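One-based numbering along the sequence shown. Because the structure is a prediction, the values reported are computed rather than measured. All values below come from the heavy atoms of this structure, side chains included, with hydrogens, waters and symmetry mates left out.
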Amino acid sequence: MPLRRRLGLTLLVLYGTGITVGAGIYVLIGEVAGHAGTFAPWSFVLAAAVMALTVASYAELSTRFPVSAGEAAYVMAAFHSRTFATVVGLLSVAIGVISSAAVALGSVGYIQQFVPLPQYLIALAVLALLGGVAAWGILESVVLASLFTLIEVGGLLIVILAAVSNDLPFAAAITTLPPLTATALSGIAFGGLLAFFAFIGFEDLANIVEEARVPHRDIPRAMVLTLLISTVLYVLVAAIAVSAVSTERLASSTAPLSLVFREVAGVSPATISAIAIVATLNTILAQMTMAARVIYGLAREGSLPAFFARVNPRTRTPLPATAFVVLAIVPLALLVPLTPLAELTSLATLAVFAVVNLALLWLRYRGVESLVPHVTVPTWVPAIGLATCTAMIVHALLP
């Protein structure tokens, strides 16, 4: 039974932006500032620049091969290796699972400001609730995610407007170039690795391409708009954060954006904390949805047990795959701290992005054509995308 095409450009942009914004600025601004200091905005600029190249590669590949389990399909088309394709597909699933666990921990820090329950109870409740929504239906999941997106972007706009109205001098954090010293550049680079986690989301659009109404037109547009919106918001909010609060306090806070709002506006940050909860829940829901679609796609192609390719006739969602994803997230959320999860997600994502860029280069080298309408990007784009992703991986692994 096929998936249902129900998603237009507006819902796709809200879906992509919601995953990206929720995973990033609400959870990781403190961690990024802890490494990059007052140059944290430049870490987000670096991550966005690296991401832009891969966005372009995904735009072409997702329209050449508009199927679920997108990355695995790209690798299969380029290298004709089912084993390699399956490994890449499973790595994409791992990214969805690990990042969901990381963001679940981020959500707990904000939820505990309202509900004084143990971390593990809150995490379990969050994952059970969102797993149920993900199983309900793709339109229902994306509409809820879109509403969450409007709320979370509104929260960032509140922080920006509060900084402007209180004449906070945050422009210098954006316009001042970092010094060309090993310490500063290393801090920005490692902060960029964590900030890269904050941009994860656009590639999830490639894995719901079978549920887009006009995939060859709307998926690339949604990817580009997601990156542009997220980058502008991130750089502005990061500049405000490091201008309003010391990097030490940011790095040690479990609810960093609430701390920033308290300093900027001088009022209770309860509203921002509530919005942060919505933002983090949005990301978890979208990552669950993505990971389940990849498992479904791999199973449909015969790379995983056929059981995972079953689509419920009532909800038209892959229920076995969704249940598996939720169960895989639980132990990570309960046993592993936030920062290692974020670092591991970033490294795994960079590895997948490197392979995706390589796949596009190899398709170009072999002269493989596509019979469906698709976007075409210059060859230098995936070449530089591969080089930058590889460079970030090497830098992260160096002692």
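Between the side chain of Asn312 and the backbone N or O of Arg314 there is at least one donor-acceptor pair closer than 3.5 Å. Between the side chain of Thr176 and the backbone N or O of Ala173 there is no donor-acceptor pair closer than 3.5 Å.
Salt bridge Arg82/Glu301: absent, no basic N to carboxylate O contact under 4.0 Å.
For the pair Tyr296 and Ala321, the tightest heavy-atom approach, listed with the atom from each and the gap, is N-CB, 4.3 Å. Across every non-hydrogen atom of Ala291 and Val93, the tightest pair is O-CG2, 3.9 Å. Smallest separation of non-hydrogen atoms from Ala333 and Ala104: CB-CB, 4.4 Å. Minimum heavy-atom separation, Ala56 to Val381: CB-CG1, 3.6 Å.
No hydrogens or angles considered: nothing links the side chains of Gln287 and Ser100 as a donor-acceptor pair under 3.5 Å. For the residue pair Gln113 and Ser273, a side-chain donor N or O sits within less than 3.5 Å of a side-chain acceptor on the partner. Side-chain N/O atoms of Ser303 and Thr86 include a donor and acceptor closer than 3.5 Å.
The structure places CD1 of Ile295 at 9.5 Å from CE of Met290, a figure rounded to the nearest 0.5 Å. Atom CD1 of Ile29 is separated from atom OG of Ser43 by 9.0 Å, given to the nearest 0.5 angstrom.
Aromatic ring orientation, Tyr58 versus Tyr74: perpendicular (interplanar angle above 60°, classes split at 30° and 60°). Aromatic ring orientation, Phe308 versus Phe324: perpendicular (interplanar angle above 60°, classes split at 30° and 60°).
Counting heavy atoms from C-beta outward, Phe199 and Thr226 have side chains that stay 4.5 Å or more apart.
Leu319 and Phe307 sit in two unconnected hydrophobic clusters of ILVMFWY residues. Membership requires side-chain heavy atoms under 4.5 Å apart, directly or through other members. In this structure, Leu185 is not a member of the same hydrophobic cluster as Phe190, with clusters built from ILVMFWY side-chain heavy atoms closer than 4.5 Å.
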Q. Taking it one step at a time, do Phe39 and Trp42 satisfy ring-ring contact (aromatic ring centres under 6.0 Å, His included)?
A. CA-CA 5 Å; Phe39 300 111; Trp42 290 98; 8.2 Å; no

Q) Given Phe44 and Phe196, is the ring-ring contact (aromatic ring centres under 6.0 Å, His included) satisfied, shown in steps? A) CA-CA 7 Å; Phe44 286 101; Phe196 197 82; over 10 Å; no

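No option in Leu327, Ile284, Ile122 other than Ile284 meets the side-chain contact (heavy atoms from CB on, under 4.5 Å) test with Leu127.
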